[in-house]
K.L.:
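I'd like to ask some things about the structure below.
Side-chain atoms are counted along with the backbone in the values below, which use heavy atoms only and exclude waters and symmetry mates. Here the structure is a predicted model, which is why all the values come from computation and not from measurement.
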Amino acid sequence: MRTEQVQKIKVVVREYEADKDLAGAEAVERSCEVSQSGTVSIFTDLLGDPACRVRHSPAFLMLVAETVGPKKEIVGLIRGCVKTITCGKRSPRPSATATAAVPIYTKAAYIVGLRVSPFHRRKGVGLQLVEQMEEWFRSSGAEYAYMATDKENEASLRLFTGRCGYVKFRTPSLLVQPVFAGHRLPLRRAVTLVRLSPANAEILYRRSFSTVEFFPRDIDAVLRNPLSLGTFLALPAGSGWTNIHSFLADPPESWAVLSVWDSQSLFRFEVRGVSLLRRGLAWTTRVVDRAVPWLRIPSFPNIFRPFGGYFLYGLGGEGPSTAALMRVLCRHAHNMARAGGCGIVATEVTACEAFMPGIPYWQKLSIEEDLWCIKRLAEDYSDGAVGDWTRSAPGNSIFVDPREV
């Protein structure tokens with residue numbers, strides 16, 4: 001462990017111990033705003049498990065920063081995980097029998113949930129947490145570290161890009177759709193929905209998505225996790241579904257797929273600082289929607305008390321109708337979330353995806369450019385075909401692992 005003078009306080013950065021650190025870690029979480037827009041703030045409740053956002057990753061660590069002295073206090077925390085993901089692809093050799101590109105994997109680390117108590121910011125606590133987490137990343141064999149933040153979060157950008165050597169890398173869109181209180185969303189009769197088993201979903205994802213950036217090599221563990229509520233394939237009616245092998249051998253002209261992750265069981269959000277007038281208007285939409293559900297009037301969920309959501313991951317598809325098919329899948333996920341008592345459904349994709357027009361979302365709840373930053377930790381490259389991944393051009397797609405949300 002490392003102890004050093006940080007302006008007017010001394011802190012020690014050490015591994016989180018649930019039996020004695022839970023109350024202190026929760027106090028730090030409660031004091032921090034997840035995001036801010038004027039006077040409106042979003043607070044998070046991790047349901048008694050501060051490590052829940054990394055616990056389902058192959059390897060994870062949570063560190064806390066604790067003041068030194070007779071009255072010890074936890075003033076900061078950070079979570080990180082390490083896994084193997086896709087960072088590029090290699091075309092097959094001309095003499096090879098295979099025709100599809102082959103994924104290039106790297107061991108990468110992800111930083112999530114850096115928190116510093118408001119009374120102890122700008123005193124080097126965040127920097128110490130990041131530096132010690134990176135030490136663990138390196139000892140775990142990670143070649144890269146990355147993190148995500150709001151592009152308007154100047155303090156976070158100042159720390160990571162200004163002091164820690166990260167560079168701006170990708171800007172996917174975080175799209176959020178409220179779950180309507182009074183009605184289910186209708187599904188098109190001209191579309192066939194197929195629920196895939198985890199085994200069949202793995203076959204589809206490895207065949208069609210393994211060369212997408214950030215694709216997790218252990219996709220089987222993701223799909224078999226109890227929090228993964230299912231993978232759904234949308235096909236034009238009459239496509240004649242039999243099995244996954246027949247589908248891959250002769251796919252229809254258009255298709256779309258997505259998987260649903262139960263984030264609600266891990267954490268909840270709450271919006272604070274909203275005026276009574278806006279709360280009243282939101283309440284009115286829910287009352288009307290429940291009273292006359294057949295009108296299908298969009299209603300605003302009660303996000304002024306703790307609420308959860310489902311996260312959609314592994315979105316993809318092909319063909320001219322992929323956006324229309326994706327819209328049906330999103331409606332199906334909305335209905336699942338409504339049955340599950342969720343307040344929102346969210347996903348994160350690149351803006352250039354062909355199916356993007358089929359994803360419903362409310363602009364005021366979404367972040368059209370979520371900023372991902374990256375840093376190379378290793379001196380050597382595991383695969384020279386990619387070189388320095390931090391300098392690579394963005395692809396058309398990105399795979400967002402639900403375990404990191």
K.L.:
Are the side chain of Ser117 and the backbone of Val75 linked by a donor-acceptor contact shorter than 3.5 Å?
P.N.:
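Flag not set: sc Ser117 to bb Val75 has no pair under 3.5 Å.
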
K.L.:
Without swapping roles, check the side chain of Ser366 against the backbone of Gln363 for a donor-acceptor pair under 3.5 Å.
P.N.:
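No; zero donor-acceptor contacts below 3.5 Å.
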
K.L.:
Between Tyr205 and Ser259, does any side-chain donor sit less than 3.5 Å from a side-chain acceptor?
P.N.:
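There is such a pair (donor and acceptor under 3.5 Å, judged by atom type) between the side chains of Tyr205 and Ser259.
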
K.L.:
State, without any angle test, whether Ser228 and Asn225 hold a side-chain donor-acceptor pair at a distance under 3.5 Å.
P.N.:
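No.
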
K.L.:
Would you confirm whether the ring centroid of Phe214 sits within less than 6.0 angstrom of the ring centroid of Trp389?
P.N.:
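They qualify: ring centres under 6.0 Å apart.
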
K.L.:
So that I can tick it off, tell me whether Asp218 and Lys83 are bridged by a salt bridge, with the cut-off set at under 4.0 angstrom between side-chain N and carboxylate O.
P.N.:
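Judged by the 4.0 Å cut-off on N to carboxylate O distance, Lys83 and Asp218 do not form a salt bridge.
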
K.L.:
State plainly whether the residues Arg376 and Glu143 are in salt-bridge range, i.e. N to O under 4.0 Å.
P.N.:
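No.
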
K.L.:
State the OG-CZ distance between Ser210 and Phe399, to the nearest 0.5 angstrom.
P.N.:
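Answer for the OG-CZ pair, Ser210 versus Phe399, is 11.0 Å.
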
K.L.:
Going by the angle between their ring planes, with limits at 30° and 60°, are Trp261 and Tyr313 parallel, tilted or perpendicular?
P.N.:
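Because their plane-to-plane angle is over 60°, the rings of Trp261 and Tyr313 count as perpendicular.
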
K.L.:
Would you name the heavy atoms of Thr149 and Asp370 that are closest together and state the gap between them?
P.N.:
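Minimum heavy-atom contact is O-OD1, 3.2 Å.
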
K.L.:
Do you know which two heavy atoms are closest between Leu312 and Thr347, and how far apart they sit?
P.N.:
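Heavy atoms only, the tightest pair is O-OG1, 2.8 Å.
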
K.L.:
To check you understand the geometry: which heavy-atom pair defines the closest contact between Leu46 and Cys52, and what is its length?
P.N.:
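For Leu46 and Cys52, the tightest heavy-atom pair comes out as CD2-SG, 3.9 Å.
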
K.L.:
When you check the gap from the basic side-chain N to the acidic O, do Lys89 and Glu213 get nearer than 4.0 Å?
P.N.:
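Looking at Glu213 together with Lys89, the answer is no, because their closest N to O distance does not fall below 4.0 Å.
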
K.L.:
Specify the closest pair of heavy atoms between Ser140 and Lys107, including all atoms of both residues, with the distance to one decimal.
P.N.:
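Residues Ser140 and Lys107, closest heavy atoms: O-NZ, 2.9 Å.
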
K.L.:
Could you state the interatomic distance from CZ (Phe215) to CZ (Arg217), rounded to the nearest 0.5 Å?
P.N.:
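One finds 10.5 Å between CZ of Phe215 and CZ of Arg217.
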
K.L.:
Indicate yes or no: does Lys151 engage Glu369 in a salt bridge with an N to O separation below 4.0 Å.
P.N.:
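Salt bridge between Lys151 and Glu369, a charged N being under 4.0 Å from a carboxylate O: yes.
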
K.L.:
Taking only residues two or more places apart in sequence, or in another chain, which ones meet Arg224 in a side-chain contact (heavy atoms from CB on, under 4.5 Å)?
P.N.:
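side-chain contact (heavy atoms from CB on, under 4.5 Å) list for Arg224, sorted by chain: Pro198, Ala199, Glu202, Asp220.
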
K.L.:
Where do Ser397 and Glu353 land on the side-chain hydrogen bond (donor to acceptor under 3.5 Å, both in side chains) test, with the steps shown first?
P.N.:
CA-CA 7 Å; Ser397 302; Glu353 291 280 13; 2.8 Å; yes

K.L.:
Report, as yes or no, whether the 6.0 Å neighbourhood of atom CG on Asn396 holds more than 12 heavy atoms from other residues, nucleotides or ligands.
P.N.:
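12 or below, so no.
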
K.L.:
Are the ring centres of Tyr144 and Tyr146 closer than 6.0 Å?
P.N.:
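No.
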
K.L.:
Would you call Ser57 and Val82 a side-chain contact if the rule is heavy atoms closer than 4.5 Å?
P.N.:
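A side-chain contact is absent here, since even the closest heavy-atom pair is not under 4.5 Å.
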
K.L.:
Evaluate the ring planes of Phe307 and Phe269, with Trp represented by its six-membered ring, and classify them as parallel (under 30°), tilted (30 to 60°) or perpendicular (over 60°).
P.N.:
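Because their plane-to-plane angle lies in the 30° to 60° range, the rings of Phe307 and Phe269 count as tilted.
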
K.L.:
Side chain of Arg79, backbone of Pro50: donor and acceptor closer than 3.5 Å?
P.N.:
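Flag set: sc Arg79 to bb Pro50 pair under 3.5 Å.
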
K.L.:
For residues 232-257, which residue pairs pass the salt bridge (Lys or Arg N to Asp or Glu O under 4.0 Å) check, not counting sequence neighbours?
P.N.:
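Passing the test, one end in residues 232-257: no pairs.
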
K.L.:
Give a yes or no on whether Arg138 atom CZ has more than 12 heavy-atom contacts from other residues, nucleotides or ligands under 6.0 Å away.
P.N.:
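Above 12, so yes.
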
K.L.:
Would you say Ser173's side chain and Glu368's backbone share a donor-acceptor pair under 3.5 angstrom?
P.N.:
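Indeed, once roles are kept as given, a pair shorter than 3.5 Å links the two residues.
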
K.L.:
I need the minimum non-hydrogen distance between Gly113 and Arg53, along with the two atoms involved.
P.N.:
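Where Gly113 meets Arg53 most closely, the heavy atoms are CA-NH1, 4.4 Å.
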
K.L.:
Would you call Arg14 and Glu66 a salt bridge, using N to O less than 4.0 angstrom?
P.N.:
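Looking at Arg14 and Glu66, the cut-off is met.
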
K.L.:
Working to the nearest 0.5 Å, report the span between CD1 of Ile219 and CG of Asp401.
P.N.:
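Between atom CD1 of Ile219 and atom CG of Asp401 there are 7.0 Å.
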
K.L.:
Please report the interatomic distance OG(Ser321) to CE(Met326), rounded to the nearest 0.5 Å.
P.N.:
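Answer for the OG-CE pair, Ser321 versus Met326, is 12.5 Å.
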
K.L.:
Could you check whether any side-chain N or O of Ser246 sits under 3.5 Å from a backbone N or O of Thr242, counting only pairs where one atom can act as donor and the other as acceptor?
P.N.:
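Not confirmed, Ser246 side chain does not pair with Thr242 backbone.
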
K.L.:
About how many Å separate NE2 of His334 and CG of Leu329, when rounded to the nearest 0.5 Å?
P.N.:
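If I round to the nearest 0.5 Å, the distance is 14.5 Å.
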
K.L.:
Are Val167 and Lys375 packed together at the side-chain level, in the sense that at least one heavy-atom pair is separated by less than 4.5 angstrom?
P.N.:
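No - every pair of side-chain heavy atoms lies 4.5 Å or more apart.
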
K.L.:
When rounded to the nearest 0.5 angstrom, what distance separates CD in Gln132 from CG in Leu61?
P.N.:
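The distance works out to 8.5 Å.
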
K.L.:
Got more than 12 heavy atoms from elsewhere within 6.0 Å of CD, Glu154?
P.N.:
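No.
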
